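See structure below.
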Amino acid sequence: MDRGGRYWLMKSEPEVFSFEALWKAKNRTTLWDGVRNYKARSLLRDEMRPGDGVLFYHSNADPPGVAGIAEVASAAVADPTQFDPASEHFDAESSRDDPRWFAVEVRATERLARPVSLAAMRAEEGLKEMVALQRGNRLSVSPVTESEWFVLRAMAGLSEPGPVGSRRP
DNA sequence: GCCAACGTTGGC
DNA sequence: GCCAACGTTGGC
């Protein structure tokens, strides 16, 4: 079975962690921890691979929308925050032998000539079926098809190809 | 601040 | 296993 993927949309509230913060981070990389939703967990753990493209989306923002381009920079690891009693993401039910929650590293790769607002995304025919735009969707990580990826890049004023270092089929 | 939509929890 | 109550997400 085609595992799909290769491209993802990941949501972050800019007041918590913005694309600009990722751009300024060491190696433009951060561990995307704190995901506590089982569907998103399964995507992180089972589907995401280093080099996959990431649309970095700002939720609870003004306006909400895609703020930058990133890539998956590591395979999934056990999310360390689940073992840290001081963390708001601590999970007493999880064990190191059988971790419940996972995280991947994410690296910023391209700034956008123009951010792409949610309103613009909703107005774009080529994004009508995008998982992140479906009614009621609250997943912090969701799949993006290759055609959606390139539609979005064009809207953002980026030329092909994808992220530096991305492995094209 | 409001509230629709969804996920999780827990009583039964 | 059902489902009501509750908490969270996230656009507006």
Side-chain angles (χ1 to χ4, degrees), chain A residues 3-5 7-25 30-48 52-72 76-106 108 110-145 147-149 151-157:
Chain A
R3 73 172 181 85
Y7 303 100
W8 308 95
L9 180 144
M10 300 177 81
K11 295 180 187 172
S12 184
E13 299 188 28
E15 291 196 4
V16 177
F17 191 77
S18 68
F19 182 76
E20 282 305 304
L22 180 60
W23 191 264
K24 291 172 188 161
T30 194
L31 185 65
W32 201 274
D33 58 17
V35 174
R36 294 295 182 268
N37 170 284
Y38 286 103
K39 283 185 188 164
R41 181 280 305 269
S42 297
L43 294 176
L44 288 165
R45 183 189 60 190
D46 305 331
E47 304 291 341
M48 299 179 83
D52 286 358
V54 173
L55 302 174
F56 193 117
Y57 180 92
H58 282 173
S59 59
N60 277 319
D62 186 20
V66 173
I69 304 292
E71 66 178 0
V72 177
V77 297
D79 179 344
T81 64
Q82 71 196 302
F83 306 126
D84 177 4
S87 169
E88 62 177 323
H89 299 299
F90 177 64
D91 184 348
E93 306 296 309
S94 185
S95 73
R96 290 182 186 273
D97 288 346
D98 185 19
R100 180 177 292 177
W101 306 112
F102 290 81
V104 296
E105 290 196 329
V106 172
E110 295 170 277
R111 286 174 137 151
L112 303 187
R114 313 184 278 277
V116 180
S117 71
L118 175 61
M121 292 166 72
R122 290 205 186 282
E124 174 58 50
E125 188 69 26
L127 300 180
K128 274 233 162 32
E129 297 188 2
M130 196 170 189
V131 172
L133 300 189
Q134 300 314 302
R135 172 185 170 85
N137 176 71
R138 297 183 348 190
L139 274 185
S140 60
V141 179
S142 61
V144 173
T145 67
S147 80
E148 290 162 352
W149 173 263
V151 165
L152 206 129
R153 287 183 62 85
M155 293 171 78

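Everything quoted here is computed from the prediction, not taken from an experiment. In what follows, chains carry the letters A, B, and so on, assigned in the order in which the sequence lines appear, proteins first and then strands, with residues in each chain numbered from 1. Only heavy atoms go into these numbers, but all of them, side chains included; no hydrogens, no water, no symmetry mates.
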Open item on the list: Keeping A/R41 on the side-chain end and A/V35 on the backbone end, is there a donor-acceptor pair under 3.5 Å?
Closed with: no

- [ ] Provide, to the nearest angstrom, the distance between the CD atom belonging to A/E88 and the P atom belonging to C/dG7.
- [x] 17 Å

Can you give the donor-acceptor pairs under 3.5 Å from side chains of residues 56-69 of chain A to other protein atoms, not counting sequence neighbours?
{"from": "A/H58", "atom 1": "NE2", "to": "A/F19", "atom 2": "N", "distance (Å)": "3.0"}
{"from": "A/N60", "atom 1": "ND2", "to": "A/E13", "atom 2": "OE2", "distance (Å)": "3.3"}

Task: Atom pair distance, as rounded to whole Å: CG in A/L9 and C1' in C/dG10 - done: 13 Å

Task: A/M10 CE - C/dG10 P separation (whole Å) - done: 13 Å

Task: Rounded interatomic separation in angstrom, taking OH from A/Y38 and P from B/dT9 - done: 6 Å

Open item on the list: Does C/dT9 have its OP1 or OP2 closer than 4.0 Å to a side-chain nitrogen or oxygen of A/K11?
Closed with: no

Close N/O contacts between protein and nucleotides 1-3 of chain B (under 3.5 Å):
none

Open item on the list: Between A/Y57 and C/dT9, is there a contact of a side-chain N or O with OP1 or OP2 at under 4.0 Å?
Closed with: no

Open item on the list: Expressed as a whole number of angstroms, how long is the span from A/E13:CD to C/dG11:P?
Closed with: 9 Å

- [ ] Write down the distance between CH2 (A/W101) and C1' (B/dG7), rounded to a whole number of angstrom.
- [x] 11 Å

Open item on the list: On a heavy-atom basis, which atom in A/S142 and which in A/L43 lie closest, and how many Å separate them?
Closed with: CA-CD1, 4.3 Å

Task: Reference residue A/D91; test salt bridge (Lys or Arg N to Asp or Glu O under 4.0 Å); the match among A/R100, A/R36, A/R96 - done: A/R100

Task: Rounded interatomic separation in angstrom, taking NE2 from A/H89 and C1' from C/dT8 - done: 13 Å

Open item on the list: Please find the pair of heavy atoms, one from A/W32 and one from A/A103, that lie closest to each other, and give the distance.
Closed with: O-CB, 3.3 Å

Open item on the list: Could you tell me if A/D97 and A/S95 have a donor-acceptor pair between their side chains, going purely by distance under 3.5 Å?
Closed with: no

Open item on the list: So which atom in A/V116 and which in A/M155 form the shortest heavy-atom distance, rounded to 0.1 Å?
Closed with: CG1-CE, 3.7 Å

TODO: Check the surroundings of atom NZ in A/K128: do more than 12 heavy atoms from other residues, nucleotides or ligands lie under 6.0 Å from it?
DONE: yes

TODO: Give the minimum heavy-atom separation between A/W8 and A/D52, together with the two atoms involved.
DONE: NE1-OD2, 2.8 Å

Task: Atom-pair distance (CZ on A/R41; P on B/dG7), nearest Å - done: 15 Å

Task: Within residues 117-141 of chain A, residues whose heavy atoms come under 4.0 Å of DNA chain C - done: A/L118, A/R138

